[in-house]
2 protein chains.
Amino acid sequence: MNVMNASPRRKELTRLAAQLFVQEGFDRTTVRMLAQEMGIKSGSLFHHFKDKQEILAAVIEEGTQNALSIAKAALQACPNNAEARLHAMARAHLETLFADRNAHVVALFEWRRLDPAASAHLSHLRDAYEAMWVDVIEDALSAGLIHGDRFLVSRFILGALNWTVRWYDPNGSRTPDDLADELVAMIMSR
Amino acid sequence: MNVMNASPRRKELTRLAAQLFVQEGFDRTTVRMLAQEMGIKSGSLFHHFKDKQEILAAVIEEGTQNALSIAKAALQACPNNAEARLHAMARAHLETLFADRNAHVVALFEWRRLDPAASAHLSHLRDAYEAMWVDVIEDALSAGLIHGDRFLVSRFILGALNWTVRWYDPNGSRTPDDLADELVAMIMSR
DNA sequence: TACGTAACCAAGCAAGCGCTAGTGTAAATG
DNA sequence: CATTTACACTAGCGCTTGCTTGGTTACGTA
């Protein structure tokens with residue numbers, strides 16, 4: 001039978017899977033391609049994962065867990081005022097987005113390939129993360145740092161941030177922190 | 001043989017294909033599913049399109065052409081100042097995004113499934129559209145309406161706008177124009 | 001030495017895939 | 001009337017897919 005715990009081997013396989021899912025898309029990535037990238041035969045893959053779906057779920061769970069813990073750490077380490085928290089959250093978002101770029105691209109663009117059970121489970125994680133954003137944005141609004149409808153403002157900010165995975169080049173001259181600062185500057189009232 | 005011109009039948013089939021591509025994703029949509037949705041048998045589909053790839057290209061071309069003509073019309077019909085043009089462009093973007101929502105969702109999220117030839121051809125269309133945005137944003141920057149790096153500002157704005165297809169509900173209380181106005185208000189310096 | 005277990009492999013099945021070949025038919029065209 | 005055109009059909013080829021089966025290897029523990 002197969003092992004479904006968090007073995008170190010499984011974690012490495014998940015990382016490789018994320019890379020292939022980004023390169024080819026989930027549907028076009030075959031179990032044979034995954035196995036070859038992992039240096040094993042396709043049959044052996046099912047010792048580590050129940051089925052192809054479970055690999056996708058593992059990739060997304062990994063990325064989302066990292067996002068959560070990075071955001072939590074960033075908020076705890078920063079001064080307790082609205083502006084600092086907004087900055088910290090934007091920086092943390094881009095930091096995790098590019099530290100685990102593959103996993104997050106999969107989470108953002110292949111989410112709908114999850115079966116209902118996995119989707120329900122992972123939605124809770126995602127909601128926990130978004131709740132942190134809502135909190136920070138409400139603080140910024142009450143502090144008069146930014147203006148507008150809280151729902152729309154948060155969607156616009158997350159949209160602008162998430163879309164960076166489509167154009168940001170980590171080998172360019174800008175750091176993720178540069179992006180975060182520029183975005184916050186753009187939306188802050190002066 | 002098959003017909004590859006712009007017959008009215010083909011246009012309707014393209015619309016149906018866009019809907020299925022959004023529902024299932026391009027890779028999971030089979031020619032048999034497409035045919036059934038169109039009320040014909042799978043073999044008959046190849047009378048209208050050379051292959052499955054060509055259906056995808058047709059969907060994306062249709063959407064991008066519409067975006068271009070709507071944006072052009074909007075800019076010609078609006079006062080010739082930076083603020084009005086910025087508003088008009090944002091409104092036009094969301095207008096076309098939700099008028100041809102299926103086609104645009106496919107263009108945004110299934111672009112990479114295009115083969116190199118089709119991708120090269122359609123890239124020109126898309127570049128023409130983005131050039132209009134760059135123009136409008138540079139005007140807004142010189143007019144002191146917004147501040148920041150032109151490259152980053154335009155990416156953030158387009159990201160925030162494009163991401164709306166992931167959460168906007170046309171049956172809600174907000175119109176696309178509301179969204180456009182709120183976004184422009186959010187980024188304008190006061 | 002004997003045993004348990006994690007990791008792997010070769011082979012292949014059943015289902016589904018994109019696409020082709022060849023044909024039928026009703027309406028438009030000369 | 002004869003011919004062409006547009007559109008649809010049936011049947012199925014050749015291939016790939018996710019996954020299973022039944023067994024082997026490597027190695028730590030007693």
Side-chain angles (χ1 to χ4, degrees), chain A residues 1-60 106 110-119, chain B residues 1-21 23-60 106 110 112-119:
Chain A
M1 276 300 123
N2 52 2
V3 187
M4 270 165 278
N5 58 14
S7 70
R9 181 84 175 119
R10 182 176 150 123
K11 202 157 192 177
E12 170 65 7
L13 298 184
T14 303
R15 212 185 48 81
L16 286 168
Q19 188 191 323
L20 260 182
F21 288 163
V22 169
Q23 252 173 56
E24 308 286 331
F26 175 71
D27 292 322
R28 286 174 109 83
T29 304
T30 69
V31 293
R32 287 164 178 83
M33 291 163 65
L34 286 164
Q36 185 172 20
E37 194 76 8
M38 296 164 177
I40 58 179
K41 299 297 173 182
S42 72
S44 315
L45 211 162
F46 294 92
H47 170 75
H48 301 277
F49 302 93
K50 172 171 141 277
D51 54 22
K52 195 187 168 191
Q53 268 286 324
E54 199 184 74
I55 308 179
L56 177 61
V59 167
I60 295 183
V106 171
E110 308 281 0
W111 186 279
R112 300 201 31 231
R113 257 72 253 171
L114 287 170
D115 62 33
S119 174
Chain B
M1 276 301 119
N2 51 3
V3 186
M4 271 166 277
N5 58 14
S7 70
R9 180 88 174 118
R10 182 174 151 125
K11 203 158 192 177
E12 171 64 7
L13 298 184
T14 302
R15 212 185 48 80
L16 285 169
Q19 187 190 325
L20 259 182
F21 288 163
Q23 250 173 57
E24 308 286 333
F26 176 71
D27 291 323
R28 287 175 108 83
T29 304
T30 69
V31 294
R32 287 165 179 81
M33 292 164 66
L34 287 164
Q36 186 172 19
E37 195 76 9
M38 297 164 177
I40 57 179
K41 301 295 175 183
S42 72
S44 314
L45 211 161
F46 294 92
H47 170 75
H48 300 277
F49 301 93
K50 172 170 140 277
D51 53 23
K52 195 186 167 191
Q53 267 286 324
E54 199 184 75
I55 308 180
L56 177 61
V59 168
I60 296 184
V106 170
E110 308 281 1
R112 298 196 35 226
R113 256 72 254 170
L114 286 169
D115 62 32
S119 175

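In the text below, chain A, chain B and the rest are named by the order of the sequence lines, each starting its count at 1.
Between H48(A) and dC8(C) there is a side-chain N or O to OP1 or OP2 distance below 4.0 Å. Applying the 4.0 Å criterion to OP1 and OP2 of dC7(D), one finds that H47(B) has a side-chain N or O inside that range.
The side chain to side chain donor-acceptor pair (under 3.5 Å) contacts involving residues 28-46 of chain B comprise D27(A)-R28(B), where partners must be two or more places apart or lie in separate chains. The list of side chain to side chain donor-acceptor pair (under 3.5 Å) pairs with a residue in residues 12-25 of chain A, not counting sequence neighbours, reads E12(A)-R15(A).
E54(B) CD to L56(B) CG: the interatomic distance, rounded to the nearest 0.5 Å, is 10.5 Å. Atom CZ of residue F26(B) and atom CD of residue E110(B) lie 8.0 Å apart, to the nearest 0.5 angstrom.
Atom CG of L13(B) is separated from atom C1' of dA8(D) by 12 Å (rounded to the nearest Å). The separation between F46(B) atom CZ and dG18(C) atom P is 7 Å, rounded to whole Å. Rounding to whole angstrom units, NZ of residue K52(A) and P of dT17(D) are separated by 9 Å. dC8(C) atom C1' lies 15 Å from atom CZ of F49(A), rounded to whole Å. Atom-to-atom, NZ of K11(A) to P of dA6(C) comes out at 19 Å; the value is rounded to the nearest Å. Residue R9(B) contributes atom CZ, which lies 4 Å from atom P of dA8(D) at whole-angstrom precision. Look at CG on D115(B): it is 11 Å from P on dC19(C), rounded to the nearest Å. Across the protein-nucleic acid pair, K50(A) atom NZ and dT20(D) atom C1' stand 15 Å apart, rounded to whole Å.
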Write out a two-atom table: protein N or O, nucleotide N or O from nucleotides 9-14 of chain D, distance below 3.5 Å.
| unit_1 | atom_1 | unit_2 | atom_2 | d |
| --- | --- | --- | --- | --- |
| dC9(D) | OP2 | K41(B) | N | 2.6 |
| dC9(D) | OP2 | S44(B) | OG | 3.0 |

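Looking at residues two or more places apart in sequence or on another chain, you find no side-chain contact (heavy atoms from CB on, under 4.5 Å) involving R112(A). Legend: residues meeting side-chain contact (heavy atoms from CB on, under 4.5 Å) with A17(B), ordered by chain and number and at least two apart, are F21(B), L34(B), M38(B), I55(B), V59(B).
Using a 4.0 Å cutoff on non-hydrogen atoms, no part of residues 18-28 of chain A comes near DNA chain D.
Minimum heavy-atom separation, D51(A) to F46(A): CA-CE2, 4.0 Å.
At distances below 3.5 Å, at least one donor-acceptor pair connects side-chain atoms of Q53(B) with backbone N or O atoms of D115(B).
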